[in-house]
Every structure is written in C-alpha cells, then in structure tokens.
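Worksheet for the structure shown next.
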Amino acid sequence: MSDPKPLPFVYQFAAGAVAGVSEILVMYPLDVIKTRVQLQTGVGTGADSYNGMVDCFQKIVRHEGASRLYRGITAPILMEAPKRATKFAANDSWGKFYREAFGIAQMNQSLSILTGASAGATESFVVVPFELVKIRLQNKASASLYSGPLDVVRKTIKNEGVFALYNGLESTLWRHILWNAGYFGVIFQVRTLLPKAETKQGQITNDILAGSIGGTVGTILNTPMDVVKSRIQNSPKVAGTTPKYNWAWPAVMTVAKEEGFAALYKGFLPKVLRLGPGGGILLVVYTGVMDFFRKMREEKA
C-alpha cells in the first residue's frame with residue numbers, strides 16, 4: 001500500500017495497533033473455534049468432538065459457557081498492537097525500500113506481493129510467543145494446566161526452555177509470508193480495478209471490499225500452514241524425543257497422508273469468516289486512523 005502522504009514510523013505503528021485491537025475484539029470467538037477444530041485429529045463423539053464450526057460454537061457455549069469464546073484473549077490483545085502495527089509499518093517500510101532498490105517510482109502488483117511477503121516475515125518474529133500462549137490456552141485439553149498467559153510462559157520456560165517460546169517459528173514465517181503476500185497483493189489489484197472513490201463513504205466501501213477480498217485470498221493461501229502451526233505449537237518439547245509435528249512442510253505431508261488433504265483446511269470456515277471481513281476492518285481502521293493523524297499534523301502546522 002503506497003501512501004500519498006507518508007507519515008513517520010510512530011504514526012504507522014500506532015494506526016496499525018488501533019486497527020489490530022479493533023479487529024480482534026470483534027472477531028476473536030471465530031479464532032477460538034478455528035483453533036479447536038484445527039487441533040482435533042480424529043473423529044469422535046461427545047463434548048470435545050466437533051463436526052464443524054456451528055457444532056463447535058454450540059458445544060463450547062453449552063458445556064463451557066459463552067465466556068470460553070474469549071478464553072486466551074489476553075495474549076492476542078497484547079499481541080495485536082505490536083503484530084498489526086508491525087504488519088502495516090513494515091509493509092510501508094519494505095515498500096519504500098524495494099521502490100528505491102529497483103528504481104521504481106510507484107508500487108505495482110509484483111512489488112506489492114514482495115513487500116507483503118517481507119512484512120509477513122518481519123511480523124512473524126513478533127507474534128510467535130504470543131501465538132504459542134494463545135494456542136495452549138485455547139486448547140481445552142491443555143488449558144486447565146495453566147492459570148493464565150503468564151503461567152503458560154513460566155511453565156513453558158521451566159519445562160521446555162526459553163527457546164520453546166519460539167516453537168513454531170518456521171511454520172509461522174510461512175503462514176505470515178503467504179497471508180501478507182496475498183493480502184497486500186490483492187488489495188493493490190482490487191484498488192486498481194475499483195472506480196475511484198469520490199467521497200469518504202466511497203473510500204470506506206472500497207477499502208472494505210479490497211481488504212475483505214485480500215483477507216479471503218490470504219486465508220486460502222495460508223490455512224494449511226496455520227493448521228500445522230497450531231499443532232506444532234501445541235506439542236510440548238520433551239527432551240530426547242522428536243515431536244510428531246516439528247517442521248512445517250513435513251507436518252503438512254503428515255496431516256495430508258494421515259487425515260487427507262481436506263484436513264489441511266480444518267477450521268477454514270471460521271478462519272475465513274474472521275480474516276475476510278477482518279481484513280476489511282483492518283484496512284478501514286488503519287486508513288481512517290492514518291487520515292486522522294494527517295489531519296492532526298496539518299492543523300498543528
């Protein structure tokens with residue numbers, strides 16, 4: 001996303017933080033449902049077995065209470081500010097870097113994809129520990145072992161070592177590279193195809209469309225990596241043993257072989273329902289906050 005009036009990094013970071021927290025507050029229950037479905041490895045019956053998004057939602061509410069739909073939200077809330085701030089700030093920074101490196105004045109489709117992938121890789125290093133905490137709190141089988149996010153961190157370091165907090169880094173890199181490349185690449189393309197907005201409402205509508213389509217495409221591309229990432233991060237490190245799910249691409253092959261290709265898209269419906277519209281929310285809020293900062297700076301000038 002090129003910006004007609006670039007702002008300093010601190011403004012980009014703040015706008016991304018506001019956008020991220022806004023999105024997570026609205027869409028988080030879908031993330032809990034997605035994780036529960038992804039971690040399910042067999043077919044069974046009872047309160048802990050789910051045959052889809054609606055069934056998972058109903059069973060969580062019926063057997064655990066509606067508040068469980070927000071179980072583990074502390075880690076994502078703490079994560080969303082640096083995560084989304086890093087996403088947008090890194091995207092703008094990488095875009096400037098690549099335009100200068102290749103001598104290109106304006107962003108194009110290829111640069112948007114490359115910039116998005118680079119921003120995704122940058123973002124990954126920020127989010128991995130938060131993701132691990134979130135996954136272990138969302139999983140019903142392991143949630144009872146911890147009293148909260150800080151307890152997950154403490155016990156993980158004590159039992160598995162400090163580097164265990166970065167368990168799943170490789171799969172997270174792939175997940176974010178694929179999602180951001182699809183998201184920002186599609187946003188650029190959709191914006192070029194849509195009629196130029198003549199009003200503020202028209203701009204918001206265009207951003208909702210571009211962000212939602214971008215979020216949907218990014219989700220289609222990265223869901224297999226999200227499935228294996230969830231399983232890798234939910235597998236505690238045990239000295240002398242190799243976890244079943246360890247590296248991203250071998251884990252993809254294991255899931256496909258044992259459970260079928262469709263298993264790589266477990267949790268896809270709640271994920272795309274979150275990250276499709278969620279991508280629109282992110283773009284609209286980020287753009288709106290950046291416009292507010294520009295106006296504020298102009299008034300002070």
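What you see is a predicted model, and the numbers here were worked out from it, not measured in a lab.
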If you group Ile, Leu, Val, Met, Phe, Trp and Tyr by side-chain heavy-atom gaps below 4.5 Å, do [X] and [Y] land in one group?
X    : Y    : value
W249 : W247 : no
F97  : F188 : yes
Y70  : L150 : no
M290 : F292 : yes
I113 : L282 : no

Given 3.5 Å as the limit, does a donor-acceptor pair link the side chain of [X] with the main chain of [Y], or not?
X    : Y    : value
Y50  : R36  : no
R294 : L7   : no
E170 : A248 : yes
K34  : R274 : no
Q12  : F88  : no
N167 : I232 : yes
T192 : Q189 : yes
Q109 : G185 : yes
S124 : T172 : yes

Any idea which heavy atoms bring [X] and [Y] closest together, and the distance?
X    : Y    : answer
Y286 : A19  : N-CB, 3.8 Å
A256 : L264 : CB-CD1, 4.1 Å
Y265 : I220 : OH-O, 2.7 Å
P277 : M27  : CB-CE, 4.2 Å
N51  : D55  : OD1-CB, 2.9 Å
Y183 : G211 : CE1-O, 3.5 Å

Gap separating the [atom1] atom of [X] from the [atom2] atom of [Y], nearest 0.5 angstrom:
X    : Y    : atom1 : atom2 : value
I187 : L283 : CD1   : CG    : 4.5 Å
R136 : Q233 : CZ    : CD    : 8.0 Å
L137 : R68  : CG    : CZ    : 9.5 Å
T216 : I213 : OG1   : CD1   : 7.5 Å
T122 : I177 : OG1   : CD1   : 9.0 Å
C56  : L69  : SG    : CG    : 8.5 Å

Under 3.5 Å, side-chain donor or acceptor atoms of residues 193-200 against the rest of the protein: list the pairs with distances, not counting sequence neighbours.
unit_1: T199; atom_1: OG1; unit_2: G202; atom_2: N; d: 3.0
unit_1: K200; atom_1: NZ; unit_2: D291; atom_2: OD2; d: 2.9

Flag side-chain contact, heavy atom, 4.5 Å: [X] against [Y]:
X    : Y    : answer
K266 : T223 : no
L30  : M53  : yes
F184 : T115 : no
S112 : R191 : no
K134 : V152 : no
L173 : F125 : yes

Around atom NZ of K96, are there more than 12 heavy atoms from other residues, nucleotides or ligands closer than 6.0 Å? no
For the CD1 atom on I104, are there more than 12 heavy atoms of other groups (residues, nucleotides or ligands in this structure) within a distance under 6.0 Å? yes
Check E298 with K295, please: is the shortest side-chain N to carboxylate O separation under 4.0 Å? no
Would W179 and E123 count as a side chain to side chain contact (heavy atoms under 4.5 Å, CB included) here? Give the steps. CA-CA 11 Å; W179 197 87; E123 178 187 19; over 6 Å; no
Clusters formed by hydrophobic residues whose side-chain heavy atoms approach within less than 4.5 Å: which one holds I204, and what are its other members? I208, V284
Take N91 and N180 through the test side chain to side chain contact (heavy atoms under 4.5 Å, CB included) and record every step on the way to the result. CA-CA 9 Å; N91 188 70; N180 282 272; over 6 Å; no
How about Y98 and S118: does a side-chain donor come under 3.5 Å of a side-chain acceptor? yes
Candidate list K271, H176, R231, test side-chain contact (heavy atoms from CB on, under 4.5 Å), partner D226, passing option: K271
Quick check on side-chain contact (heavy atoms from CB on, under 4.5 Å): which of V227, T254, N234 does Y245 satisfy it with? T254
Show, in sequence, the C-alpha distance, side-chain angles and deciding distance for W174 and V252, and conclude whether the side chain to side chain contact (heavy atoms under 4.5 Å, CB included) test is met. CA-CA 12 Å; W174 283 112; V252 167; over 6 Å; no
Which is it for V228 and M225 under the side chain to side chain contact (heavy atoms under 4.5 Å, CB included) test, yes or no, and what are the steps along the way? CA-CA 5 Å; V228 300; M225 282 299 161; 4.1 Å; yes
